[in-house]
Amino acid sequence: MPNMDPKKTPAVEQDPIVRSGNFQEVSAGYTTYEMAKGEAERCLNCKNMPCVSGCPVNVQIPSFIQKIKEGDMAGAHAILKSTSNLPAICGRVCPQESQCECKCVRGIKGEPVGIGRLERFVADWGMQHADELPQPESAAPNGKKVAVVGSGPAGLTCAGDLAKLGYQVTIFEALHTPGGVLVYGIPEFRLPKSLVRQEIATVEALGVEIRTNSVIGRMETVDELLEEYDAVFVGSGAGLPNFQKIPGENLNGVYSANEFLTRINLMKAYTFPEADTPVRVGKRAAIIGGGNVAMDAARCAKRLGAEEVYIVYRRSEKEMPARVEEVHHAKEEGIIFKMLCNPVEIEGDENGCVKSMQCIEMELGEPDASGRRRPVPKQGSEFELAVDTVVVAIGNSPNPLIKSTTPGLETQKWGGIIADEDGRTSKKGVYAGGDAVTGAATVILAMGAGKKAAAAIHQDLSGASV
Amino acid sequence: MYPIVTKRRLHDTVTLMEIEAPGVARKAQPGQFIILRIDEQGERIPLTIAGYDREKGTVTIIFQKVGATTRRLDTLEEGEALQDFVGPLGKPSELEGKQGKKIAVIGGGLGIAIAYPQAKALHEAGADVDVIVGFRSTSLFILMDELKDACHNLYVMTDDGSNGHKGFVTTALEERLQAGVHYDEVIAIGPLPMMRGVCNMTKEYGIPTIVSMNPIMIDGTGMCGGCRLTVGGETKFACVDGPDFDGHLVDFDEAISRSRMYKAEEAISMERHADCNLMKKGESANA
């Protein structure tokens, strides 16, 4: 008999007060097999598998859950790994509520099956038992070489899939550590870096070479790569941070979310002065934006000692693009949500440091191009928020480096690389996917794009389809 | 790892290093920069490329001991290696079409190390180059022989007048301008107040002026936006839009304020590393 409890089996989490003072992982997930089994029993094993249609990398969800029920963890793990190169990461950072879990029939009356938590449980089990598991099999080398630009989720997925098919793959990473947004963007308390390293090691174990400190567009161009490689995949991510273009944005104490998070996550500023890179947070911080990045920045600010941390978002909570769980966690940790509120100016003191932010209240009008109701300012509702740090988390524009150094590579007006559904660009031999194409999106969509591009590269180079 | 091939102290506070980094050397051009990290706990710092040897696969950097990282860098010796060394970053300086132009290349302090390759490239490209450099004192002179060979006229100023030419680089520039010398272009590289001073003067005379900005940055590829500055009322990123900008449009007050952002943290870091070095010395004394 399935477990008909309408609620998900809760995951083990650090107490909000305790965790808002440390960078250790917030959720421990399911800590015993019994917990996972209990949740797995909630899956009805639907024949038409609606959940799978919600997964960008096509994880065979009911099948791996059945294996958990049967106690066959190695089997569950093998099913996961057959479609996802980075399951421990997906289980933690995917927006399941708008993907697999939103399609789950259990969600009609009650909560859907905790697919993300189960995925994480199986992936973590796999990491703990890595030595006992059969090594992933790769096809015999086919003599073809592929260059991958960027070692974030799109690049790692593309590289892993191609390596399994026998390609010799080299990843070029601009930073000193591979992982892209997984290491510079997503904080330790949500995605431990040791785990990212381990997932990357499994991709390297497939024969993928990763060259750090390699900025494509400067050190080598895409055209130069094409002389040596049979194909190039560009997964360079959502480069340049957007600002609001309001007065005071260049004051000391105003950070882009990219900079704020990179200082903390990649450069380990939370251990300063042990690590040489500092970050300044102050006592009161305002984070502008309503996505996962804004939540990450807010929760980092709290952990770094800010007494009051605000999320300032111009629409209402319903329109916030952040994962429900992140919003929930942020609230538990005492982040103050200022909804329907937009900054108009940042003011500084005599030393050029932020001292306050002028905001205006908003109300929702008619739906805009995104289908969401357009926020419009309420006349005369201006107010001042005393803050000493402002983090701008309103998205990124693609990095112009590759575009400007790759003749024949067509881009959108806003800078995104133009690619078809399978990642083929306007330039022969060049493929692209992830945020470089779509603008800032999610880890899992980037992985999905990397996967499709790998299939397209394989098809174009060998005539075979995957 | 990126081995230190040569280390030469130019004087007490300024050191030259040649770093083995063939990928960077292959593409480096005057005006571009690199970012380095000493070790796993180190910060990323940008340094302008002072020279390169494509055949040897080396890149030359010249740095001044001003902060924790540069002090630590100065303790490394030939044969040791840097954890990370990435580049070339930024746009190369515009050196095309300068033949026959009269150009003043002005360098202050460590900026001279960066001005030198530009002056050399312009001189070789057939421009009529005057170099004006300023030091606090004769004891801090660097690259004097190299500079002589990279220009038509070399003017050296000292703050204390110890070489007989007391004053700032702007003093020398003004003398030249008042004497009726016509410059088609001025290139100014050095501390922010110096570049601001030069720009204020050349603006009066209507001489196009290029400055090289070196703000705080992390990735150097456009991702963090920490290096942003206001140029002509617009926000620009020094790492991808620069580092060279039209000096008459740069908001220097803002750039100076932003360069001071981490003064307090820098002091903490320096103290910490000073303690570490003392401890190291203590250990070796005990060994």
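Predicted, not measured: the structure shown is a model, and the values here were computed from it. Throughout, protein chains are lettered first and strands after them, A, B, ... in sequence-line order, and every chain is numbered starting at 1. Both backbone and side-chain heavy atoms feed into the values below; hydrogens, waters and symmetry mates do not.
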Of all heavy-atom pairs between Tyr2(B) and Asn213(A), which one has the smallest distance, and what is that distance? OH-ND2, 3.3 Å

Under 4.5 Å heavy-atom distance to chain A, tell me which part of Phe85(B) shows up: side chain, backbone, both or neither. backbone

What's the spacing between Thr221(B) OG1 and Asn399(A) CG if we round to 0.5 Å? 5.5 Å

Let's test your reading of the structure: which of Leu401(A), Thr212(A), Thr277(A) forms the most heavy-atom pairs below 4.5 Å with chain B? Thr277(A)

Taking side chain as everything from C-beta outward and backbone as N, CA, C, O, which of these in Glu254(B) sits under 4.5 Å from a heavy atom of chain A? Side chain, backbone, both or neither. side chain

Might you work through the side chain to side chain contact (heavy atoms under 4.5 Å, CB included) test for Arg218(A) and Lys91(B), ending with a clear yes or no? CA-CA 9 Å; Arg218(A) 290 277 181 239; Lys91(B) 289 182 182 165; 4.1 Å; yes

Do the non-hydrogen side-chain atoms of Ile268(B) and Phe272(A) ever get within less than 4.5 Å of each other? yes

Counting heavy-atom pairs under 4.5 Å with chain A, the top scorer among Gly226(B), Ala68(B), Gly225(B), Pro88(B) is Pro88(B)

Which heavy atom of Pro241(A) sits nearest to which heavy atom of Gly222(B), and what is that distance? CD-O, 3.3 Å

Using a 4.5 angstrom heavy-atom cutoff, name the option from Pro273(A), Ala238(A), Ala174(A) with the most pairs to chain B. Pro273(A)

Heavy atoms of other groups near Lys98(B) NZ, more than 12 under 6.0 Å: yes

Decide yes or no for His176(A) and Gln83(B): does some side-chain heavy atom of the first lie under 4.5 Å from some side-chain heavy atom of the second? no

Between Lys27(B) and Glu224(A), does any side-chain N to carboxylate O distance fall below 4.0 Å? yes

Can you run down the salt bridge (charged side-chain N to carboxylate O under 4.0 Å, His left out) pairs that involve residues 343-352 of chain A, sequence neighbours left out, and say none if there aren't any? none

Taking the side chain as C-beta and beyond, is there a heavy-atom pair between Arg258(B) and Asn252(A) under 4.5 Å? yes

Can you tell which part of Leu89(B) gets under 4.5 Å to a heavy atom of chain A, answering side chain, backbone, both or neither? both

Part of Leu36(B) within contact of chain A (heavy atom distance under 4.5 Å): neither

At a 4.5 Å cut-off on heavy atoms, which part of Met219(A) comes close to chain B: side chain, backbone, both, or neither? both

Counting heavy-atom pairs closer than 4.5 Å to chain A, which one of Met223(B), Glu265(B), Arg26(B) comes out on top? Met223(B)

What option among Ser404(A), Pro278(A), Cys353(A) has the most heavy-atom pairs under 4.5 Å with chain B? Pro278(A)

May I ask you to test the Tyr184(A)-Ile218(B) pair for a side-chain heavy-atom distance under 4.5 Å? no

In terms of heavy-atom pairs under 4.5 Å, which option from Thr235(B), Thr69(B), Asp251(B), Val24(B) contacts chain A the most? Thr235(B)

Sort by residue number and list every residue of residues 253-260 of chain A having at least one heavy atom under 4.5 Å from chain B. Gly253(A), Val254(A), Tyr255(A), Ser256(A), Asn258(A), Glu259(A)

So for Asn396(A), is it side chain, backbone, both, or neither that comes closer than 4.5 Å to the heavy atoms of chain B? neither

To the nearest 0.5 angstrom, please state how far the CD atom of Glu274(A) sits from the CZ atom of Arg272(B). 6.0 Å

Heavy-atom cut-off 4.5 Å, strictly under: side chain, backbone, both or neither for Leu266(A) against chain B? neither

Are a donor atom and an acceptor atom from the side chains of Thr262(A) and Asp219(B) found within less than 3.5 Å of each other? no

Which atom of Leu229(B) lies closest to which atom of Asn250(A), heavy atoms considered: C-ND2, 4.2 Å

Picking from Gln32(B), Arg228(B), Glu266(B), Glu40(B), which has the most non-hydrogen pairs under 4.5 angstrom with chain A? Arg228(B)

Going by an N to O cut-off under 4.0 Å, is there a salt bridge joining Asp276(A) and Arg37(B)? no

